[in-house]
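In what follows, every heavy atom counts, from backbone to side chain, and hydrogens, waters and symmetry copies are set aside. Just so it is clear: chains get the letters A, B, ... in the order the sequence lines come, proteins before strands, and each one is counted from 1.
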Amino acid sequence: MFILQNQANFDTVHPYMDKKFVPQDHEKQLYSFWEQAGYFNAKADSTKEPFCIILPPPNANADLHVGHAMYVYEDVMIRYQHLKGKEVLWLAGADHAGIETQFVYEKHLKKQGKSRFDFDRKTLFADIWDFVMKNRDTMENQLRTLGFALDWSKKKFTMDPDIVKIVYKTFKHLHEEGLVYRANKLVNYCTSCGTSFSDLEVVDLEITGKLYHIKFPIKGGGDITIATTRPETYFGDVAVMVHPKDERYKNFIGKTVVLPLIDREIPIISDEYVDPEFGTGAVKVTPNHDINDFEIAKRHNLTYPPVIGFDGTMINTNLVDGMKVADARKKIVTMLEEKGYMEKINPHEMVLKKCYRCNTTLEPLPKEQWFINVEPLKKQAIKLVEDDTIQIHPKRFKKQLIQILENFIDWNISRQIVWGIQIPAYRCQNSKFQNLKSKQIKNPKSQNNNWFVSVDPPISCEICGECEFVQDEDTFDTWFSSAQWPFATLKNGENSTLFDKFYPTTVMETGYDILRAWVSRMIMMGYFETKTVPFQHVFLHGMVRDAKGQKMSKSKGNVINPLDVIQEHGADALRAALIFGTKEGGDVVLSDDKIKSMRNFGNKLWNVGRFLEMNEIETSPLRRNVGDPLLKGGPIPKDLPFKGSTLNRAEGSGLGGGMLKELQKEFNSVQKEYHDNFKKFQFAKAFDLMYEFVWHRYADYYIEQLKEDIQNGSIDTLASMQEVFDSSLMMIHPYMPFVTEALWKARKGQETSILDHQFS
RNA sequence: GGACGAUUAGCUCAGUUGGUUAGAGCGUUACAUUGACAUUGUAAAGGCCACAGGUUCGAGUCCUGUAUCGUCCACCA
């Protein structure tokens, strides 16, 4: 007997199919076949009911990780709806991933002994662009390897000119509506990355720090002890603050404190913000380096220049200028101790804010930035989620999403990095006109009306009409463009029929970890710009964990590379392992054993098909004389007719008897449950069902009966068995597309495709 | 401090309107096997379903409380 090694030879060799299903022999060819035949390309002018998912665009700066393989849920939905006969669009894309990419690229530069400061803006941007385009190709081919039925003909990149234009338009609209404003506020600034972040990009690190108790002398005698975790910032203090009702300090209010070592004088004020129970009940107020103090100082009209610069060194202290913050702290603490100002230092549980990217301790620093006023946007978004205009699956995430939206604060969208979409805001340089009202900008929150926004590069200053305006050097927070992804991808120029056909999209499928950063913002921005929801359903998947249930991380060394898995066991096995026996939205434990068992299932399917095919050939009048050594268990009657369904036949023994009816009944109920599960977004359950049915009922039970029939000389039930198997293949196809398609082709001809058929 | 999840076989996990004998994968034990598949089949062992109350004819499932673990959010001079 032949062993089939190569798909290409299949038709010429055909020895009852290969004994094993070898994914490596099939997957690549099958994907090319699908892609080239255009099975994944959606038609905007189709009359069929639309079903649309926009792929969460992977970052175009690195290989895919196993988390990306979880997008298999999208492929499951897409392929299922395709087999349901819908006009299906799964739009491919890639994200420029601003800070992430720049960070990755800077690591590259560092290896070559260079840094971002060695290049001008234009060169750096061009270099990163090339770097990203290379990675993007790799990433896209990896998505193909996973078998994803993506429409590549409509693929988008977040920095495509038409996308950028849409992002600009949205910004302009927001500006016109007064929902974007420029303000000088404290922002989370990473002195290493050299950019500010929004509050979402901050990682809280709990540590046992120190609470310093420092004695501040009071003018005219006595002193007051304040408690602080940041002694080095007292150079920038504008006041000492106590609670108005605190008996201990009542008489101190209004007096003046002389700051140690520098002898600058600041008042003692009162504010209800102070918690008398904490520390000493007396707080120093440092407006430029503490978010709360910033607001308090504003209330009390107190100002002082910052004492930490954007490079992370001290300024304006007249004592430790130029020193790094950490060094300055050490020196100041020593000096205060020497002079007797340090009363005591207590251990203190506290939270350090770290850069999520490079782990540097973030500095709150005052900076003029663009902010989005999210209040009206989030109100609308909450409503859409609450009244189920957007349905969240699994349901438990609905509450979490609402809570996230409720807690949203104004969103800083300015980033001081090169790699990104440059903000289309321009500053009027003409000092004469700075106080003039802008022509068309109604922007009540902005104090800076010398800015104007323009989608296309302006020819002249839209404020004074004459000056050499300059464009804001900053780029948008990546999430600002990502938030517009569902409509931006569909709504480009001449192709807007796509938008008409497929928007609002049907499902947004993504990990629950970016509910806050992405999903919530897509709802806000999507509704603002299109006046309708960006998607009707949100389906959230969990995180992939290792065999022991631990989070995967490079430092633990337990990271699973999806491509290695595919190389070894095939894409079907990986896909199935991520879904089988899981709960929607729950974390997935991925072990080698599980992947192998799913590979075994693929092989089981293959062999069921092989068994049917062998018998088909043996019993077919046309091919009867092929002969096969494997089928010598019993004499195959040569004159038995083999044609048509016998599902309703009740006579005879084995399958030909009541058994066949039993199969039909059982399969009907399996089909119903399967489709019900899809309606309820319970994809794992539908797959578990098929696994159980095909392996333990169809193969272990019914096929064993069929064998008996063949032995007994009655093989005319084969056709009925094949019908059930074909339908089962279609039902499994969304999960394991390769082996099911390979089987289809093997049994029905290489020119056929399972994707040409629909569920009956 | 708030919200959400988890706690079921040796391990990792399913079990969504409460209903015979609680399941799967892997592992373990015994047997089978040139016959579609050893990436197999048959069978077996293995569970007080975290704990304590409650509702019910009936609870792994619903309610209340407790414990442990995890995630998210808020606060943090």
Side-chain angles (χ1 to χ4, degrees), chain A residues 16-22 204 206 209 211-214 226-231 233-234 240-241 273-275 278-286 290 292-293 296 348-353 394-404 406-408 512-513 515-516 542-543 545-551 569 573 577 580-615 628-634 676-677 680-682 684-685 687-688 691-692 695-696 699-700 703-704 706-707 710-711:
Chain A
Y16 303 127
M17 302 157 65
D18 191 354
K19 200 170 176 180
K20 281 182 195 171
F21 177 68
V22 182
D204 287 343
E206 293 191 9
L211 190 61
Y212 301 85
H213 291 66
I214 306 169
I226 57 97
T228 179
T229 55
R230 301 205 59 183
T233 63
Y234 86 85
V240 168
M241 179 168 69
Y273 169 78
V274 180
D275 174 6
F278 189 90
T280 62
V283 194
K284 66 193 212 45
V285 181
T286 322
D290 181 281
N292 292 314
D293 291 7
I296 290 161
H348 177 54
E349 299 300 319
M350 56 183 283
V351 170
L352 267 191
K353 299 209 177 284
K395 268 189 276 181
R396 65 191 151 93
F397 287 113
K398 179 175 171 179
K399 212 169 179 177
Q400 197 175 325
L401 179 55
I402 290 171
Q403 187 198 1
I404 282 167
E406 281 169 347
N407 286 325
F408 242 96
Y512 66 70
D513 57 328
L515 207 48
R516 185 157 89 127
M543 304 295 111
R545 292 165 176 275
D546 75 0
K548 290 173 194 158
Q550 290 182 310
K551 254 187 187 169
H569 302 298
F580 183 77
T582 62
K583 186 158 71 171
E584 280 70 24
D587 290 349
V588 183
V589 173
L590 187 63
S591 64
D592 206 45
D593 283 342
K594 192 172 181 190
I595 295 162
K596 276 184 192 157
S597 70
M598 289 301 116
R599 176 206 59 186
N600 294 354
F601 179 54
N603 192 54
K604 187 75 185 180
L605 278 175
W606 180 256
N607 272 288
V608 169
R610 181 165 185 263
F611 175 80
L612 294 174
E613 180 66 5
M614 289 167 77
N615 284 286
D628 180 68
L630 293 181
L631 270 184
K632 56 193 174 188
D676 283 350
N677 285 332
K680 291 189 279 187
F681 286 78
Q682 293 174 344
K685 218 175 168 189
F687 183 56
D688 292 356
Y691 177 94
E692 172 66 20
W695 198 320
H696 299 303
D700 290 350
I703 281 197
E704 291 310 310
L706 180 67
K707 279 182 187 167
I710 293 172
Q711 304 269 342

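- Among the protein residues, A/Val274 comes within range of the nucleic acid bases, having at least one heavy atom under 4.0 Å from a base atom.
- Closest to the side chain of A/Arg599, out of B/G5, B/U16, B/U39, is B/U39.
- Note on A/Asp275: a base of the nucleic acid sits closer than 4.0 angstrom, heavy atoms only.
- The side chain of A/Arg545 approaches B/G70 more closely than any other nucleotide in the set B/U12, B/G70, B/C76.
- Atom CE of A/Met543 is separated from atom P of B/G5 by 17 Å (rounded to the nearest Å).
- Among the heavy atoms of the strands, none lies under 4.0 Å from A/Asp587.
- At the heavy-atom level, A/Tyr212 lies nowhere under 4.0 Å from the strands shown.
- For B/U40 and B/C26, the P atoms lie 7 Å apart once the distance is rounded to whole Å.
- With sequence neighbours excluded, no residue forms a side chain to side chain contact (heavy atoms under 4.5 Å, CB included) with A/Lys583.
- Residue A/Arg516 is in sugar-phosphate contact alone, with no base atom involved, counting any heavy-atom pair closer than 4.0 Å across all strands shown.
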Checklist entry - According to the Watson-Crick and G-U wobble definition with distances under 3.5 Å, which dot-bracket string, read 5' to 3', encodes RNA chain B, using [ ] for crossing pairs and | for pairs with another strand? => result (((((((..((((.....[...)))).(((((.......))))).....(((((..]....))))))))))))....

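- When distances run from any side-chain atom of A/Gln403 to the nucleotides B/G41, B/C75, B/G2, the shortest one goes to B/G2.
- Comparing the P positions of B/U8 and B/C48 gives an interatomic distance of 12 Å, to the nearest angstrom.
- Note: CD (A/Glu349) to P (B/C75) measures 18 Å, nearest angstrom.
- Protein atom CG of A/Asp513 is 15 Å distant from nucleotide atom C1' of B/G5, rounded to whole Å.
- Ring-plane geometry between A/Tyr691 and A/His696 is classed as perpendicular, the angle between the planes exceeding 60 degrees on a 0 to 90 degree scale with a lower cut at 30.
- Looking at heavy-atom distances under 4.0 Å, A/Gly279 makes no contact with the nucleic acid at all.
- Rounded to whole Å, the separation between the C1' atoms of B/G18 and B/G54 comes to 15 Å.
- Listed candidates were B/C76, B/A36, B/A14. Nearest to the side chain of A/Asp204 is B/C76.
- Between the side chain of A/Lys399 and the base of B/C4, no donor-acceptor pair of N or O atoms lies under 3.5 Å.
- Atom CD in A/Gln682 sits about 9 Å away from atom P in B/U16, given to the nearest Å.
- The cationic atom of A/Lys707 (NZ for Lys, CZ for Arg) lies less than 6.0 Å from the six-membered ring centre of A/Phe611 and within 45° of the ring axis.
- Put simply, CG on A/Asn603 is 14 Å from P on B/A36, counting in whole angstrom units.
- Checked against B/U12, B/A36, B/U16, the side chain of A/Val589 finds its nearest nucleotide in B/U12.
- Residue A/Asp593 is in sugar-phosphate contact alone, with no base atom involved, counting any heavy-atom pair closer than 4.0 Å across all strands shown.
- At whole-Å resolution of the value, CD in A/Glu406 and C1' in B/C4 are 15 Å apart.
- Counting any heavy atom pair closer than 4.0 Å across all strands shown, A/Val608 reaches a base atom.
- Heavy atoms of A/His696 sit under 4.0 angstrom from primed sugar atoms or phosphate atoms, though from no base atom.
- In this model, no side-chain donor or acceptor of A/Lys19 finds a partner on the base of B/A36 within 3.5 Å.
- Of all nucleotides listed (B/G25, B/C73, B/C37), B/C73 comes nearest to the side chain of A/Asn407.
- Residue A/Glu704 places its side chain closer to B/A36 than to any other of B/U42, B/C72, B/A36.
- Backbone-only engagement by A/Leu211 is indicated by non-hydrogen atom pairs under 4.0 Å involving sugar-phosphate atoms exclusively.
- Among the nucleotides B/G25, B/A36, B/U16, the one closest to the side chain of A/Lys685 is B/U16.
- As judged by a 4.0 angstrom heavy-atom cut-off over every strand, A/Ser591 is placed among residues making no nucleic acid contact.
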